[in-house]
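First comes the structure, then the notes that go with it.
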Amino acid sequence: MASTYNSIKVELIGSGDQAGAWGSTTNTNLGTALTEAITGSTDVVFASADVTLTLSNTNLTQPARHLRLNLTGVSGGARNLIVPAIQKQYLITNNLADAVTVKNSSGTGIAVPSGSTIGVFNDATNVVASFTGAYASINGLTMATARILGRTTASTGAAEEITVGSGLSLTAGTLTADGITAGQSISYALVFGI
């Protein structure tokens, strides 16, 4: 029985196949294919055109299998990153000058703004946000509710925890929100209530 491949192209050795060589295949599955899918990071280079990632029947390195895709190069306008229609999580870091819509061939996808990192889920029909109730953009943070921990005011150095609602605007280390003085400098960490 010949080898087959699952959706992320991990080689599934057929019964009785690869006598004396199955260890090498297994090591490539574990050291390359599964590692890429779980923790892998790779650059996807744009050259003023859409980019389509594909997967082929090999357990050797493939960009579409990686967890983190770092978009680099020249966008030349809004672009599409078309990923294979399989169930898979991606972390997309858009280092391009323009937004990139991550989608598969049948879906509408989700736009990743320039300078942002967004977690997306490809459900084999469409690419959607991995997390609901929170959306991050390059110039700010928009969400229904956020908890900001470890706020430290510039004037007193006092640390406290605050919760703000939809009036939150966050840019370059400055927080403006209902009940907080505009321009007040803070240090912050965000915890999403998902």
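When reading the values below, keep in mind they use all heavy atoms of this one structure, side chains included, and skip hydrogens, waters and symmetry mates.
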Asn104 CG to Asn126 CG distance, which is reported to the nearest 0.5 Å: 6.0 Å
Qualifying salt bridge (Lys or Arg N to Asp or Glu O under 4.0 Å) pairs with a residue from residues 62-77, counting only residues at least two apart or across chains: Glu36-Arg65
ILVMFWY cluster, Val83 and Val10 together (side-chain gap under 4.5 Å): no
Donor-acceptor under 3.5 Å (Ser114 side chain, Leu96 main chain): yes
Partner set under side-chain hydrogen bond (donor to acceptor under 3.5 Å, both in side chains) for Ser105, not counting sequence neighbours: none
Distance in Å, Thr93 OG1 paired with Leu69 CG, rounded so as to fall on 0.5 Å steps: 8.5 Å
Salt bridge (Lys or Arg N to Asp or Glu O under 4.0 Å) contacts touching residues 81-91 (sequence neighbours left out): none
Val120 side chain near Val128 side chain, heavy-atom distance below 4.5 Å: no
Non-hydrogen atoms of Ser3 and Ile13 that approach each other most closely: OG-CA, 3.6 Å
Taking every non-hydrogen atom, the tightest pair across Gln62 and His66: O-ND1, 3.1 Å
Listed once per pair and sorted, the salt bridge (Lys or Arg N to Asp or Glu O under 4.0 Å) pairs that draw on residues 98-119, sequence neighbours left out: none
Among Asn27, Asn29, Thr28, the one residue meeting side-chain contact (heavy atoms from CB on, under 4.5 Å) with Thr25: Asn29
Evaluation steps, side chain to side chain donor-acceptor pair (under 3.5 Å), between Gln87 and Ser7: CA-CA 8 Å; Gln87 290 189 2; Ser7 65; over 6 Å; no
Shared hydrophobic cluster, Val100 / Leu91 (ILVMFWY, side-chain heavy atoms < 4.5 Å): no
Results of side-chain hydrogen bond (donor to acceptor under 3.5 Å, both in side chains) for Asn6 - residues two or more places apart only: none
Shortest non-hydrogen contact from Thr54 toward Ala64: O-CB, 3.7 Å
Test side-chain contact (heavy atoms from CB on, under 4.5 Å) applied to Ile8 and Ile86, step by step: CA-CA 8 Å; Ile8 61 168; Ile86 61 171; 4.0 Å; yes
Donor-acceptor under 3.5 Å (Thr32 side chain, Leu60 main chain): no
Closest non-hydrogen atom pair between Ala124 and Ser106, with its separation: O-OG, 4.4 Å
Check: Thr35 main-chain N/O paired with Thr39 side-chain donor or acceptor under 3.5 Å: yes
Backbone N/O of Thr58 and side chain of Ser56: donor-acceptor pair under 3.5 Å: no
side-chain contact (heavy atoms from CB on, under 4.5 Å) assessment of Ile110 paired with Thr101: CA-CA 5 Å; Ile110 185 165; Thr101 298; 6.0 Å; no
In one Ile/Leu/Val/Met/Phe/Trp/Tyr side-chain cluster, 4.5 Å: Val102, Ile82: no
Asn59 side-chain N/O to Glu11 backbone N/O, donor-acceptor pair under 3.5 Å: no
Pairs under 3.5 angstrom only: tabulate donor-acceptor contacts from the side chains of residues 40-52 to other protein residues two or more places apart or in another chain.
from: Ser41; atom 1: OG; to: Asn70; atom 2: ND2; distance (Å): 2.9
from: Asp50; atom 1: OD1; to: Asn80; atom 2: N; distance (Å): 2.9
from: Asp50; atom 1: OD2; to: Asn80; atom 2: ND2; distance (Å): 3.2

Tyr90 side chain to Val127 backbone, donor-acceptor under 3.5 Å: no
Interatomic distance, Asn95 atom CG to Ile92 atom CD1 [nearest 0.5 angstrom]: 11.5 Å
